[in-house]
2 protein chains.
Amino acid sequence: MKEVLPVFNSAVSIDCVLFGFDGGELKILLIERNEEPFKDWWALPGNLVGENESVDQSASRILHELTGLSDIYMEQYYTFGEVDRHPQGRVITVAYYAMLRLGGDKALKPLTTYAKKAQWINVKELPKLGFDHQHIFDKGLEKIKRRIKHLPIAFELLPEKFTLTQVQNVYELILGKKLDKRNFRKKILSFKVLKELDEKQKGVSFRAATLYKFDKRKYAKLFGKEISF
Amino acid sequence: MKEVLPVFNSAVSIDCVLFGFDGGELKILLIERNEEPFKDWWALPGNLVGENESVDQSASRILHELTGLSDIYMEQYYTFGEVDRHPQGRVITVAYYAMLRLGGDKALKPLTTYAKKAQWINVKELPKLGFDHQHIFDKGLEKIKRRIKHLPIAFELLPEKFTLTQVQNVYELILGKKLDKRNFRKKILSFKVLKELDEKQKGVSFRAATLYKFDKRKYAKLFGKEISF
DNA sequence: AATATACTGTGTATTTATTACACTAAGTAA
DNA sequence: TTACTTAGTGTAATAAATACACAGTATATT
């Protein structure tokens, strides 16, 4: 503290909800804690904000430490500031989410020591989480539900080339409801952010679907416009 | 700190954007600072989060200290965590907004000592603000723009009884654009949250408009539904 | 009393978006 | 060849959004 702020001991931390789409399921990355409090519990990846990093930088650092990934767009969605949310003292936490492309082959061994392991876990089968992390997750899921209705963030979860059925799966998983196939396709194509490829899905034991890719340039133009599902 | 968190000196503060509608204009409550840094500058009302209060409680306290008002719904909208945003040390600030009903007669002398005075200032004529408060305000305005499209928060700014033209004014001020009168009325009435009163506007030098009031019960049912302007 | 003023209050036609709904086509596997 | 599984497609009906103009009424002015 350079001068005169009347502070008490407290800290600010970051917690991240990292979404991924894998095996047809919506997953998040959880860590198994290696330290007290909540040693051996599952929790959202998080850490204290360092003295010389902004909260955004801190979130990116945590993501990087955990996955090796950089340059991922993370969105801050809420700050949790209950007095007793951390058993060891006053810790206010700023929550972020990010959508990650799981190539299927990504190495996701934790690179830090604060976790025993990290694992992608189906959001439908979450274990009991330490701290108030279930609450933080719930709010994060709510947030992306609202968000996916207005921006096609589903593509951030998908591989570079994907089928329309995969896109629809992501929407259905996030929104928690079935959508009509014909209407869904009509709508998603109407945004004109998908480019149809001259290529088909491989390795499936049925008729292969056409692959599409996402056109970032056109997507950028979409910002600000109201779209909805 | 009860135990072992490796903290450095830092603090968390709250800053509030308090919106009011008065004299046909959208205003916010600003304070003129009495202390360094930014002594004699205008700034958003704010303060440090206390050791034994949650960030939500802290926001309510600040609002109460400044206006005497309690039980006002405040919405947290973003946390600003740049390293150098406060010249005297590391201060991360959590921003809230609230919509206040200015009866026209509200006493709004600041009750704290940290401000010389507090004043409702037209958002179109904001003075230069201390810290990163212009940025915090900008984000807050953006937020209520998005929000008013989906929930009729305009009513929180209006007196108990109001005319449809007043409602439209609030929408136009927040959205920053003119709306068609007939379409606006059709839409706002379609939500069925307004009760037409058997009473007319008074003290105007032209045809008096019908007064309406807001039906909270019906409003509650509206939550979750998607509405848009 | 007549007139000017300023805002209130109303309807319809057009376009666009949303919803509901079912079958054939194509590839794979047995 | 057949059975299986998913891909891919269109239309009609309904609902929502938009564009657009003038007569009605209270007050103030002369």
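Here is how names work: the chains are called A, B, and so on, in the same order as the sequence lines, proteins then strands, and each is numbered from 1. These figures come from a predicted structure and were not determined experimentally. Below, all heavy atoms of this structure are taken into account, side chains as well, without hydrogens, waters or symmetry copies.
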Under-3.5 Å donor-acceptor pair between B:K186 side chain and D:dT18 base: yes
Under 4.0 Å between any heavy atoms, over every strand shown, what does B:T210 touch: base, sugar-phosphate, or nothing? Just pick one. sugar-phosphate
Just to be sure I understand the rule, does B:T165 reach a base, reach only the sugar-phosphate, or reach nothing, if contact means heavy atoms closer than 4.0 Å? sugar-phosphate
Mind calculating the distance between [atom1] ([X]) and [atom2] ([N]) to the nearest angstrom?
X      : N      : atom1 : atom2 : value
A:L189 : D:dA7  : CG    : P     : 14 Å
B:I188 : C:dT8  : CD1   : C1'   : 17 Å
B:R185 : C:dT8  : CZ    : P     : 7 Å
B:F162 : C:dT8  : CZ    : C1'   : 17 Å
B:F184 : C:dC7  : CZ    : P     : 18 Å
B:F206 : D:dT29 : CZ    : P     : 14 Å
A:Q166 : D:dT6  : CD    : C1'   : 13 Å
B:Q201 : C:dA6  : CD    : P     : 16 Å

Along DNA chain C (nearest heavy atom to each residue), the more 5'-positioned of B:A209 and A:K200: B:A209
Quick one: is C:dT10 close enough that its OP1 or OP2 comes under 4.0 Å of any side-chain N or O from B:K181? no
Would one find a side-chain N or O of A:R207 under 4.0 angstrom from OP1 or OP2 of D:dG8? no
Name the residue closer to the 5' end of DNA chain D, choosing between B:V204 and A:R182 according to the nucleotide with the nearest heavy atom. A:R182
Given the options A:F155, A:F21, A:F162, A:V170 meets side chain to side chain contact (heavy atoms under 4.5 Å, CB included) only with A:F21
Quick one: CG on B:L100 to CG on B:L69, what's the gap to the nearest 0.5 Å? 6.0 Å
Between B:K213 and B:E196, does any side-chain N to carboxylate O distance fall below 4.0 Å? no
Considering only side-chain heavy atoms of A:N183, which listed nucleotide, D:dA26, C:dA25, C:dT19, is closest? C:dT19
NZ or CZ of A:K139 within 45° of A:Y78 ring axis and under 6.0 Å: yes
Have a look at A:T93 and tell me which of A:D15, A:D132, A:N47 forms a side-chain hydrogen bond (donor to acceptor under 3.5 Å, both in side chains) with it. A:D15
